[in-house]
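Every chain is numbered from 1, with letters handed out A, B, ... down the list of sequences. Bear in mind that the values here come from a model prediction, so they are computed numbers and not experimental data.
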Amino acid sequence: MATSTQAQPSTAQPSMNMEDMLQKIKDRQWALADIDWDAPGVEKIPEDFKPKLKAFMADLCWIENVGARGFAAMAKKAPNDTIAEIYRYFHAEEQRHANAELALLKRWGMLEDGEIPEPSVNIRMAIEWLDTYADDMPLSVLGTVIPMLEVALDGALLKFLLEEVHDPVCHQVFEKINNDESRHIAVDFAVLDMIGHAKARKLAIDFVSNVASPGLIIGMLMYVPLLNRMRNNLVDMGLQPEKLYRAMERFEKLGRRGEYTHRVPLFQVLRVHSKMVVDPKHPYHLLANSMVTLSEYYPRALFRPIPTWFKELTYEPVTKGVKKGMNAA
Amino acid sequence: MTVTDIAPKKRASRAKKPVTVHTTLVIGAGFTGLGTAIKLREAGIEDLVILERADRVGGTWRDATYPGAACDIPSQLYSFSFAKNPNWSRTYSPSAEICAHIEELAERFDLTKDIRFNTEVTALAFDKREARWEVTAGRTKFYARSVVIASGPLSDASLPKIRGIDDYQGVKVLSARWDHDFDFTGKNVAVIGTGASAIQIIPELVKVAGSVKVFQRTPGWVMPRLDSSTPAAVQRVFEKLPVVQQAARTALFLGHEVAATGLVWNTPITTLIQQAGKLHLRMTVKDKWLRRQLTPDFRAGCKRMLMSSDYYPALQADNCKLITWPIATITPDGIQTSDGLQHELDAIVFATGYDVHLEGPPYPITGIDGQLLSDDWSGHPQAYKSASAHGYPNLFFTCGPNSGPGHNSLLVYAQGQIEYAVSGIRALVEQDLRWLDVRKDVQDDYNVTMQKRLQSTTWMTGCSSWYLTADGFNASMYPGFATQYLRQMQDFRIDDYDVASNAAKRLWNIPADDTRTVAG
């Protein structure tokens, strides 16, 4: 399956110079150690806000980790070596974001020593799905879903966080994260455009064969409640849902800029889906929210053990020696 | 010292001084250089000199002293058939034993007297007037009618160009030039690279170091290496009955030849080999994610196959960790990875391979018309049968363009190259020739065929490897069985060469710099 589903480099020319982009990525690397985690500013977070912030940041950090795993899968499908290398970096950068967000949690006193927040059931489902299916998904599927998640993260969650949290270190961290994410989004949409450049017949075959696959069906069952849970968490924290919706609209807007993006069937599906998510009165939410509730009853015993890639997060900027297992570095 | 330093009078007197012109000059006293000398002597060519940059023989095996260094081709096949060693202690011998075998060859064939140690070649130039090569080694000059370049493909190594490498304050160790003064016991160590050297070093470091972090860019295909000691009784049989040892050698040779059907050509056998690699991974690595990170993305054979049974277990040791995040930069204290972490390290081992000179040796070689080999070979190095290059008469390459084996012993191939060079030099001597220069059309035809045949090989399946030049041209590997390669090397055809004869020169009294050639 893998070979037949790759974008065709012979016909598809990226709309950006990927070599230049890779060089830019290499030049803009940063580390947790670049940030003074003990700088003043912690006191600017109101006590009553902390529990909600912790729940939100925990989800955010796990979503970054999930996104990281998505890039790891995409690196294997990349249409050429340069894009594969870019995805290798993006995989690491998403991990870096998750690590930095953990370090913020630690800074705010929300984590005990060695503590890593518990992933929610929807995150667990996403992990399990990624671990089982992601490496077998074609680029046309991953290359459409990942930009969707990134736009939602970048456009709504991070902006919201900066409006609500007045800790200067948090702003410093998210400025760095935002810079990385803007490069991710630029590459995501350039590749999506490349995917759309493939022959219509191939796009159709890819789509039909994958819609019928258990991977994509389960994926959608996982994706719908994950998105709505995030939405609900945000609304609980006082975010106007419009902000999230505006971010989702950006997915469509950025996609429309590409010359060929509209030809990717899954892009059209996600576009229509995002319209439903955007409309708070849409009956879709009845379904999605009941799925969130239902997922709470999902028997935890059915989960397979957490994969080891999920245990690599750490808030420690510097590591010495080898530690294995949870909070490893 | 330059010629212009000398007063004109003195220079004139020096110019008259006759110089010694050897029949053959061999560059390098490693396996191939010594093998060439042995075969030249056997052919009756006694007037030879070997230049060696170090102070003792052994070449790559003298320099490769990192812990765990060993060959990954069975020892019985990792020697010349004309100079076997019945006493290999193991199936895959460690480097010290291979080096000792090379030293023993120098002794056994009394070659040391012809070796000029501490003599590093800095330039080669063909003197058309005198029909001889002028070989410069620092301030010394040597002259020879023919030259064999036997400096090996893996003789040079240097630290890689990684961002921040010069800022690092800890100990930097290059795998090919191991620092034996540094004690790794209890230290926090990184190994950068997961190629053939790294997979031998890592299991040894894991035994002594406090922690070993392995930084991987691309995982390779790893096959189990079934290494065991050779019983003394077997060694005695090999010693008493060379025919038995030859039979063992032949069996191993044929076994490797069969592997070519999957490792040289991209075939369903290649897929089968990959399945075996995945099975090896599955049986020895417990964690699914670690297995994923260790599963190669390229066709087996496209990059060098790795042979090890202790690499995967070592990676899973409590004090070892595989890190697949890209290296963002090296810092004064260690390595910073793209996941935002700083790894504090006492030492970094760079197992980043060798400086393979695909575009010719690292010193200038000037041909018959004053042209430079580095220019001729820039981008797309080409030779005839990997041994001769048009415009560079009487010069024979070993490990030249398109001579590399992907599935068999390098020594088998080197033996073919030695035979070819000896045939050429014999022709030169016995037919009293001024020079032999491979014809341009013959060389071009040969390379068209080579490149055509290379298209169906595993090396051209899209991975990036040191076998290919920057633009993806394969100038290093031979697309075929070792048997085919040996057959072409045993077939020296003088018709393939433009020949200038001394007899013709004398008969017609042709001026020395006349370029007329006489077919041989």
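Taking NE2 of H97(A) as the reference point, atom CG of D339(B) lies at 11.0 Å (rounded to 0.5 Å). Here the OG1 atom belonging to T308(A) is positioned 10.0 Å from the CZ atom belonging to R291(B), to the nearest 0.5 angstrom. Between atom CZ of residue R88(A) and atom OG of residue S338(B) there is a gap of 8.5 Å, rounded to the nearest 0.5 Å. How far OG1 of T324(B) is from NE2 of H91(A): 6.5 Å, rounded to the nearest 0.5 Å.
Nearest heavy-atom pair across P326(B) and A92(A) is CD-CB, 3.7 Å.
With a 4.5 Å cut-off on non-hydrogen atoms, R28(A) does not touch chain B at all. Interface remark: A103(A) contributes no atoms to any contact with chain B (heavy atom separation under 4.5 Å). Contact of P317(A) with chain B is made through the backbone alone, with heavy-atom distances under 4.5 Å. Residue contact with chain B, scored on non-hydrogen atoms closer than 4.5 Å, involves the side chain of E85(A) exclusively. Using a 4.5 Å cut-off between heavy atoms, V189(B) does not touch chain A at all. Contact of D318(B) with chain A is made through the backbone alone, with heavy-atom distances under 4.5 Å.
A salt bridge is absent between R292(B) and D131(A): the closest approach of a Lys/Arg side-chain nitrogen to an acidic carboxylate oxygen does not fall below 4.0 angstrom.
Aromatic ring orientation, W309(A) versus W289(B): tilted (interplanar angle from 30° to 60°).
A 4.5 Å side-chain heavy-atom check between K321(B) and E312(A) finds at least one atom pair inside the cut-off. Between R163(B) and D27(A) there is a side-chain heavy-atom pair separated by less than 4.5 Å.
Enclosure of atom CD in E112(A) is not indicated, since only 12 or fewer non-hydrogen atoms of other residues, nucleotides or ligands lie within 6.0 angstrom.
In the model, K213(B) has a side-chain atom that pairs as donor or acceptor with a side-chain atom of T319(A) under 3.5 Å.
Although no hydrogens or angles enter the test, the distance criterion places no donor-acceptor pair under 3.5 Å between the side chain of N99(A) and the main chain of L341(B).
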